Amino acid sequence: MPLKAHEHPLKKIFSADFDFAIPHYQRPYAWGTEQALQLLDDLEDALVRDAAEPYFLGSLVLVKPDENGPRADVIDGQQRLTTLSIMLAVLRDLAENDEVAVVLRDMVLEPGVALDGIKAKPRLLLRDQDSGFFATYVQTPGRLDDLLKLGDHALANDSHRAIRDNAKALRERLASWTDDKRSALAALARNRTFLVVVSTPDLASAHRIFSVMNARGLDLEPSDIFKSDVIGSMDAAQQQEYAKAWETAEQNLGRATFADLFLHIRMMMAKARGQRELLIEFPQQVLDAYVKNGEPTSFIDDMLIPYATAYAHLLNQDYDEHDAAWSKVNNWLRRLVQLDNNDWRPPALWALKNHDDDPAFLDAFLRRLERLASSMLLRRVYTTPRVTRYIELLKQLDAGAGVDAAAFDLTADEKQETRERLDGELYKVQPVRKYVLLRLDELLANAPGVSYKHKIISVEHVLPRNPRNDSQWVEDFTEDERIFWTHRLANLLLLNRNKNSQAQNHDFATKKEKYFSPAAGITGFALTTSVIMEPVWTPDVLERRQAELTRILVKEWELN
């Protein structure tokens with residue numbers, strides 16, 4: 001795709017050469033008075049310098065489908081263009097010279113030709129939510145006084161408030177200048193102030209340019225551009241309703257999580273690992289089936305909103321806790337979100353969306369999913385085979401397999417390897433040790449889905465890693481025994497505070513009393529309580545505990 005980059009003075013920027021539009025997916029206008037006044041300060045500084053010196057104001061990144069036409073979607077530069085338009089409108093309404101006022105008017109509003117039936121139109125078209133307000137109060141000559149009189153109650157959103165506040169701040173500053181100085185500023189803005197305009201007809205490359213340039217403003221997500229494609233393909237009467245529904249879903253999940261949702265939807269629909277950018281693959285694998293078939297509302301109604309709702313339940317575990325069946329679903333989600341990866345989420349979302357009225361199904365489904373995910377966690381299955389397993393599961397689910405999908409099943413070798421990892425030096429793998437110990441603690445406490453609210457949960461050794469030579473540990477354990485048992489499940493417990501390096505080497509009796517007991521400030525983890533109940537800590541105790549604890553987990557995860 002051809003890429004164009006040129007520097008242009010503002011008199012060309014605000015001319016018939018460009019017909020700027022802010023796409024649906026862009027964020028609202030949000031510059032505050034600090035940024036607006038800083039822009040004016042920068043121009044004032046340039047005004048007192050060498051009259052022949054050009055002033056560069058930054059860059060614009062545009063999508064121009066027709067490089068010879070004026071239409072230009074603004075990918076980066078909305079805040080700057082909007083603020084410049086406000087400043088030019090203020091200068092226009094303050095101008096005492098009619099000729100200056102007309103030039104400034106035409107920079108903000110392309111003049112119409114009454115005899116030809118051509119109406120005046122804005123040089124810059126803001127988002128649908130803001131374009132009418134901006135055209136009425138800023139781009140129409142003589143309406144700034146009305147804008148400044150508007151109270152907060154008369155403003156529909158934060159963008160309108162920012163437009164009013166910036167117009168007020170710029171007007172107060174510029175009204176204190178002489179007319180000659182304002183005219184000089186207008187001449188500087190028109191003739192000596194430049195923007196570097198980067199344009200391309202391809203939306204994906206424009207997005208990459210924007211990211212690489214690290215320009216001002218909020219980074220765009222691919223989801224912003226998908227929104228433009230979907231909303232823009234609807235009938236005008238539907239756009240506002242569906243744009244609001246989209247934005248509500250984004251607000252409920254948060255911007256970053258909402259962006260992740262599109263990755264999960266892509267995997268559910270394509271049932272394949274991503275090979276190229278989401279910006280390219282998502283339209284091909286998901287959106288085109290809706291947009292090109294004239295059904296953009298169905299994407300939001302049948303896909304986006306239901307999956308966003310399911311994702312909120314997944315993250316918040318907020319099904320009805322007063323209903324025992326739904327409480328079980330929450331418990332499985334609480335366990336799963338503690339895993340060190342998110343690859344399990346697409347099949348979970350599939351179930352939560354397609355069986356949102358069947359807690360018994362979800363209980364059975366998520367039980368099997370957690371078992372599979374836990375086994376892969378223990379076996380340290382890396383990303384590619386892990387994702388491949390979940391893709392196969394999604395294929396089987398779409399084929400109608402349900403809870404009985406074969407992809408859930410563990411082979412005899414997978415079960416054996418999982419048992420061996422449980423019986424091994426569990427502490428040495430950080431993501432594994434904490435997850436396993438929390439699952440074990442829950443089972444020992446007979447409190448399904450227990451959720452500890454401690455800010456800190458740490459894993460501690462009972463038998464220390466480096467006991468003192470004169471300690472009881474050296475008498476009770478040979479060096480080989482200590483090496484064998486130190487990092488195994490039987491020798492580990494949970495604490496609700498950071499480890500105390502000085503206390504770690506205490507003998508067992510002292511450690512129980514001063515470091516592990518409720519009197520020491522430790523909340524009653526069942527696993528920790530079971531340690532306190534032991535009168536001594538010897539190889540025989542550890543061998544018994546190892547057998548007991550692994551047996552509990554082997555039974556829970558059906559590993560025999």
Side-chain angles (χ1 to χ4, degrees), residues 335 338 374 378 419 421-468 471-557:
R335 297 171 187 123
Q338 296 176 53
S374 297
L378 276 156
R419 294 196 304 269
R421 295 297 181 103
L422 272 177
D423 204 35
E425 293 185 298
L426 201 70
Y427 182 85
K428 290 186 174 181
V429 187
Q430 193 277 334
V432 172
R433 69 193 188 212
K434 190 170 182 180
Y435 185 83
V436 171
L437 287 176
L438 285 169
R439 283 291 276 123
L440 179 59
D441 189 79
E442 174 191 2
L443 294 167
L444 287 170
N446 193 26
V450 64
S451 178
Y452 297 109
K453 294 183 171 26
H454 312 307
K455 292 182 179 179
I456 298 172
I457 297 180
S458 63
V459 177
E460 172 66 294
H461 296 84
V462 181
L463 165 66
R465 285 173 284 186
N466 299 296
R468 299 189 312 272
S471 69
Q472 186 70 38
W473 301 115
V474 174
E475 293 184 21
D476 292 340
F477 290 83
T478 67
E479 184 176 358
D480 287 344
E481 288 171 333
R482 181 178 60 78
I483 291 171
F484 180 83
W485 285 113
T486 298
H487 297 307
R488 279 178 160 76
L489 181 61
N491 190 51
L492 304 176
L493 49 67
L494 295 167
L495 299 179
N496 62 311
R497 66 184 185 194
N498 283 325
K499 302 172 188 177
N500 185 328
S501 58
Q502 294 181 343
Q504 287 177 9
N505 291 331
H506 285 319
D507 288 338
F508 183 59
T510 303
K511 211 169 188 181
K512 280 199 305 180
E513 178 183 356
K514 295 187 175 181
Y515 196 36
F516 298 158
S517 70
I522 297 301
T523 300
F525 293 103
L527 187 60
T528 305
T529 301
S530 72
V531 171
I532 295 173
M533 298 297 292
E534 298 288 348
V536 295
W537 203 257
T538 64
D540 289 341
V541 171
L542 284 167
E543 186 172 359
R544 169 175 53 79
R545 280 179 58 82
Q546 186 75 7
E548 291 173 353
L549 299 179
T550 54
R551 182 168 60 248
I552 291 170
L553 290 167
V554 165
K555 179 181 179 182
E556 172 69 9
W557 286 326

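Owing to the predicted nature of the structure, the values given are computational and were not obtained by experimental measurement.
At a cut-off of 3.5 Å, with distance as the only test, a side-chain donor of Ser530 or Arg545 sits close to an acceptor on the other residue.
His461 places a side-chain heavy atom less than 4.5 Å from the side chain of Leu492. For the pair Ile552/Glu556, no side-chain contact is recorded, criterion being any heavy-atom separation below 4.5 Å from C-beta on. Residues Pro464 and Lys511 have side chains in contact (heavy-atom distance under 4.5 Å, counting atoms from C-beta outward). Put simply, the side chain of Phe484 does not reach to within 4.5 Å of the side chain of Thr478, judged on heavy atoms.
Thr486 contributes atom OG1, which lies 8.5 Å from atom CG of Asn466 (distance to the nearest 0.5 angstrom). Taken from OG in Ser471 to CG in Asp507, the straight-line distance is 5.5 Å, to the nearest 0.5 Å. Rounded to the nearest 0.5 angstrom, Arg488 CZ and Leu549 CG are separated by 13.5 Å. For the atom pair CZ of Arg335 and OH of Tyr435, the computed distance is 7.5 Å after rounding to the nearest 0.5 Å. Here the straight-line distance linking atom CG of Leu463 with atom CZ of Phe477 works out to 5.0 Å at 0.5 Å rounding.
Without hydrogens or angle criteria, Thr528 side chain to Leu494 main chain gives a donor-acceptor distance under 3.5 Å. Looking at Lys434, its side chain never comes within 3.5 Å of a backbone N or O of Gln338 through a donor-acceptor pair. The closest donor-acceptor contact from the side chain of Asp441 to the backbone of Leu527 lies under 3.5 Å. No donor-acceptor pair under 3.5 Å is formed between the side chain of Trp537 and the backbone N or O of Leu542.
Of all non-hydrogen atoms in Leu437 and Leu493, the two that sit nearest each other are CD1-O, 4.3 Å. Considering every non-hydrogen atom in both Asp476 and Glu481, the closest pair reads O-OE1, 4.0 Å.
Using cut-offs of 30° and 60° for the angle between ring planes, the His487 and Tyr427 rings count as parallel.
Evaluation of the side-chain contact (heavy atoms from CB on, under 4.5 Å) rule for Glu475 yields Gln472 as partners, not counting sequence neighbours. For Gln430, the side-chain contact (heavy atoms from CB on, under 4.5 Å) criterion is met by Arg433, not counting sequence neighbours. Taking Arg421 as the reference, Glu417 meet the salt bridge (Lys or Arg N to Asp or Glu O under 4.0 Å) condition, with sequence neighbours excluded. For Asp423, the side chain to side chain donor-acceptor pair (under 3.5 Å) partners are Gln546, not counting sequence neighbours. Qualifying salt bridge (Lys or Arg N to Asp or Glu O under 4.0 Å) partners for Glu548, counting only residues two or more places apart in sequence or in other chains: Arg544. The salt bridge (Lys or Arg N to Asp or Glu O under 4.0 Å) check on Glu425 picks up Lys428, with sequence neighbours excluded.
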Does the side-chain contact (heavy atoms from CB on, under 4.5 Å) test come out yes or no for Trp557 and Leu378, once each step is laid out? CA-CA 12 Å; Trp557 286 326; Leu378 276 156; 3.7 Å; yes

Do Phe508 and Val531 pass the side-chain contact (heavy atoms from CB on, under 4.5 Å) test, and can you show the C-alpha distance, the side-chain angles, and the key distance before you say yes or no? CA-CA 10 Å; Phe508 183 59; Val531 171; 4.0 Å; yes

Under the side-chain contact (heavy atoms from CB on, under 4.5 Å) rule, what do Leu553 and Leu489 come out as? Steps first, then yes or no, please. CA-CA 11 Å; Leu553 290 167; Leu489 181 61; 4.1 Å; yes

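Within 6.0 Å of CD in Glu543 there are 12 or fewer heavy atoms belonging to other residues, nucleotides or ligands.
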